[in-house]
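Taking it in order: structure first as structure tokens, then the write-up.
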Amino acid sequence: MNGFAEYLNERFPKDAAHVIEIADQVCRNYFTFTSKWDLEQAPYPVEFDGQIDWEVNPCGDPEFVWQFNRHRFFLCLGQAYLMTGQEKYAKKLVELLCDWIQRVPLVQEHEDKAWRSLEAGFRGEYWTKAAACIQGSTTFTPQVQKLYEDSLLQHARYLEEKHSAYKCISNWGVIENHGLFEIAVTLADQKQREHYVKLALEHLRQAVRIQFMDDGVHWEQAFMYHCEVVRCYLDVFLIARKHGICLPAGMEDTIKKALYAMMAWQKPDSHMYMSGDSDDLDMQECFVLGAYYFQDEKLKGAAGGRLDYEAAWCFGLDLGLEPRESAGAGREEIKRDTGADAFIDWKMAVSAGRKALEDYESLGERQPDFCSAALTDSGHFYLRSDWGPGANLAHFTCGTLGAGHGHSDKLHVDLVMGGRDVLVDAGRYTYRMEQGRREFKDPQAHNTSIVDGKLFTVCKDSWECTKLSQPANTAYRFTDKYGYVQGGHLGYMEDGVFMNRRIVHIMPDIYIIIDEMYGTGKHTYETYFHFSEAGSADLSDIDKFGTTDISSRIAQYKDAAGSVDICFLAEGFAHGQAEVSRESSWIARHYNQKMSNSCLKVTQHSDGFTSLYTVFSSGSIRACEKISAGSALKSVMYEPKQAEALRIRTDRTEYILIVCHEEVSSPTDLVTVGGCAGFGNVIVFDRAQEEFGGTVLHW
């Protein structure tokens, strides 16, 4: 066992054990897909007694076939070989590689299955990295290497042929050209190598210009695919640096901006939100690679200062490979004529890999210089209390759909309290309509509202929609004590309804969601709140908010870490026109894996304008009630459709929150509530400090 492998086993025993477990399964032709970057995980196994059927489909989901033919398990075999020195892993890798190449030719009957261009791109990465691991094995004979290299060249030509304008805008184009770049740098022929390096980089240059918005977010609005695209670019950057290859201008700046966007949406446990078609994934690897490449202390801070197993392999392989002698050519001749690192001297590789690890470890780390964040181009907003492991954080989305991987989630809110999930997205679960794709993609699967049972975005199939909804009215403001975001959409304008949502964060742990339904005529509004499966939410007989307001309903979310108090306030509760019910719900943190969770639904029947206030607190609120607002200079009280207010009392102080649903100041005027007066659309007063002017969160 070499020193780098010893380091991995010592530093990452669980990750190393998992990789070896997968490799052992593959050695007996037993396949399952549970690795982090198996994008469509399949926890159910497939086992072959004899010859492998490379296009087997045990579940009727074509994603299984495609995942199977990406061959990420080749990489597990290669890593297991280096970590243990056992030839069985190299032997199995060679056996599977040769079997696939010889039995799955590039012909039309295989193009929609094993030879989709996306899978060819994935293989470009996994094959080259796996082959690098077993170069020292006697099983990787010159004959095997010739078969392997010929197939790589066929992959390169195929990826060149399949490139199109679609690949410029789709994540497919990035994944495919990442694989093409990895293939290119291993090609022995210098002209071929130079051609495919230039071609891959040109395609990646086009993609990076089109696919990322100015706020750093990938346009497809699925955080998992954003991370996969960023990971591909970082891998290309690291390999290019090792080979002395210049990158197109602007590419690095865009990916660094994308990493900072990821930093904004990072939960306290470094996981992403399951926004769009996303699983519950840890983003640490991207932060580690980004921190190392850009020498950025904030990105290292986002990684928690830790090193990730997959990133460590990138350091040990992509940065640590050097040519070694092979039959027919000396080391210098290979390097001069091909520039390729097709052969590895592991003594040199371990040394270079250790240097990369040492460089990363010596890099300082800092927290970001922001807490809350507004990614305005993509419509994602974050209200954060701090960067600690027990932080509170709300995510609000009001942006473009993002095409096929986007969900019907306008005005959706995720909420983390005390470092753990409270309000959650449902995830994606499946891409098959008949297996419940819409149950996870439609608005009812998100923490948002629908009108009269209609959908503001209507799916035609798994990827296309027959109706979209334009986001509108986004705004935000962050101060040292408060945070504010708002947004609406035009999805119900044909029904005479404009939906708007505001969120006020009173630091550190009070979040107020204000839903405004600007409607003409009678309508029924349903607002959903989905909770983490780690706990349960239900209506409560214990009023921890201390309110006597008959227009309120009290609920509570409980899990092993404690409880979160919830107060719903709406005029309809007092008149029998609103109710809170407990609904059945699903959450899927990984593809093909779903579980039940609790959901509270607020139903309101209204003629004209109506509103709903939902207050979340981890226990700091002692009293909460809805009160009337009025004019300070005209001595009149406003109707609820014009302006309203909340009084919130904590152990330390009392807050007054004024919300104007209409413009009310005409002519010169101030809005007043209980002795507090100010001018603005949304104003909050800390009565221990001020009663005049307040803090205006929205003018």
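Because the structure is a prediction, the values reported are computed rather than measured.
- Looking at F181 and L199, their side chains never come closer than 4.5 Å, going by heavy atoms from C-beta outward.
- Contact detail for S462 and R437: the closest heavy-atom pair is O-NH2, 3.0 Å.
- Salt-bridge check for D280 with R589: passed, with a basic side-chain N closer than 4.0 Å to an acidic carboxylate O.
- Remark: the backbone N or O of D61 is paired with a side-chain donor or acceptor of N57 at under 3.5 angstrom.
- Looking only at atom types and distance, the side chain of Y158 has a donor-acceptor partner in the side chain of E111 under 3.5 Å away.
- Considering only residues two or more places apart in sequence or on other chains, Y233 meets the side chain to side chain donor-acceptor pair (under 3.5 Å) condition with none of them.
- Here the closest heavy-atom approach between residue W313 and residue M83 is recorded as CZ2-CG, 4.1 Å.
- Counting only N and O atoms by type, the side chains of H110 and E55 include a donor and acceptor under 3.5 Å apart.
- To the nearest 0.5 Å, the span separating CD on E182 from CG on L152 amounts to 10.5 Å.
- In this structure, R241 is positioned above the aromatic face of Y293, its NZ or CZ under 6.0 Å from the six-membered ring centre and within 45° of the axis.
- Judged by the 6.0 Å and 45° rule, K167 forms no cation-pi pair with W172.
- Checked against side chain to side chain donor-acceptor pair (under 3.5 Å), D269 has no partners two or more places apart in sequence or in another chain.
- Using modelled atom types and a 3.5 Å distance limit, the side chains of E176 and S117 yield a donor-acceptor pair.
- For the side-chain contact (heavy atoms from CB on, under 4.5 Å) test, residues two or more places apart in sequence or in another chain that qualify with E202 are R205, Q206.
- Checked by atom type and distance alone, the side chain of T141 pairs as donor or acceptor with a backbone atom of V144 at under 3.5 Å.
- Rounding to the nearest 0.5 Å gives a distance of 9.5 Å between NE2 of H203 and OG of S164.
- Scored by the salt bridge (charged side-chain N to carboxylate O under 4.0 Å, His left out) test, K88 finds D24 as partners (sequence neighbours excluded).
- Side-chain contact, Y591 with E63: no donor N or O sits under 3.5 Å from an acceptor N or O.
- How far CE of M274 is from CG of L281: 10.0 Å, rounded to the nearest 0.5 Å.
- A side-chain N or O of D99 and one of W54 form a donor-acceptor pair less than 3.5 Å apart.
- Take R123 and apply the side chain to side chain donor-acceptor pair (under 3.5 Å) test, not counting sequence neighbours, and it matches H155.
- Under a 4.0 Å N-O distance rule, the pair E95/K92 qualifies as a salt bridge.
- Taking all atoms of both residues into account, the shortest heavy-atom contact from Y431 to D277 is CE2-OD2, 3.3 Å.
- Cation-pi geometry between K267 and Y273 is met: the NZ or CZ atom falls under 6.0 Å from the ring centre, inside 45° of the normal.
- By the 4.0 Å N-to-carboxylate-O rule, R428 lies close enough to E40 to be salt-bridged with it.
- Remark: side-chain polar atoms of S408 are not paired, donor with acceptor, to backbone N or O of D442 under 3.5 angstrom.
- Closest approach of A90 and S137 over heavy atoms only: CB-OG, 3.4 Å.
- Closest non-hydrogen pair, N597 versus V424, comes out as ND2-CG2, 3.9 Å.
- Using a cutoff of 4.0 Å between basic side-chain nitrogens and carboxylate oxygens, R231 and E310 are not scored as salt-bridged.
- The number of heavy atoms from other shown groups lying within 6.0 Å of CG (D112) does not exceed 12.
- For E10, the CD atom sits in a loose shell: 12 or fewer heavy atoms of surrounding residues, nucleotides or ligands are nearer than 6.0 Å.
- Judged by distance alone, with hydrogens and angles left aside, the side-chain atoms of Q211 form a donor-acceptor pair with the main-chain N or O of S170 at under 3.5 Å.
- Smallest separation of non-hydrogen atoms from Q284 and A303: NE2-O, 3.3 Å.
- W265 is linked by a side chain to side chain donor-acceptor pair (under 3.5 Å) to nothing, counting only residues two or more places apart in sequence or in another chain.
- Formation of a donor-acceptor pair under 3.5 Å by the T84 side chain with backbone atoms of A80 is found in this model.
- Residues Y81 and K91 form no side-chain contact, since every pair of their non-hydrogen atoms from C-beta on lies 4.5 Å or further apart.
- At a threshold of 4.0 Å, the pair D461-R438 does not count as salt-bridged, since none of the basic side-chain nitrogens sits closer than that to a carboxylate oxygen.
- Looking at E119 and R116, a side-chain N of the basic residue comes within less than 4.0 Å of a carboxylate O on the acidic one, giving a salt bridge.
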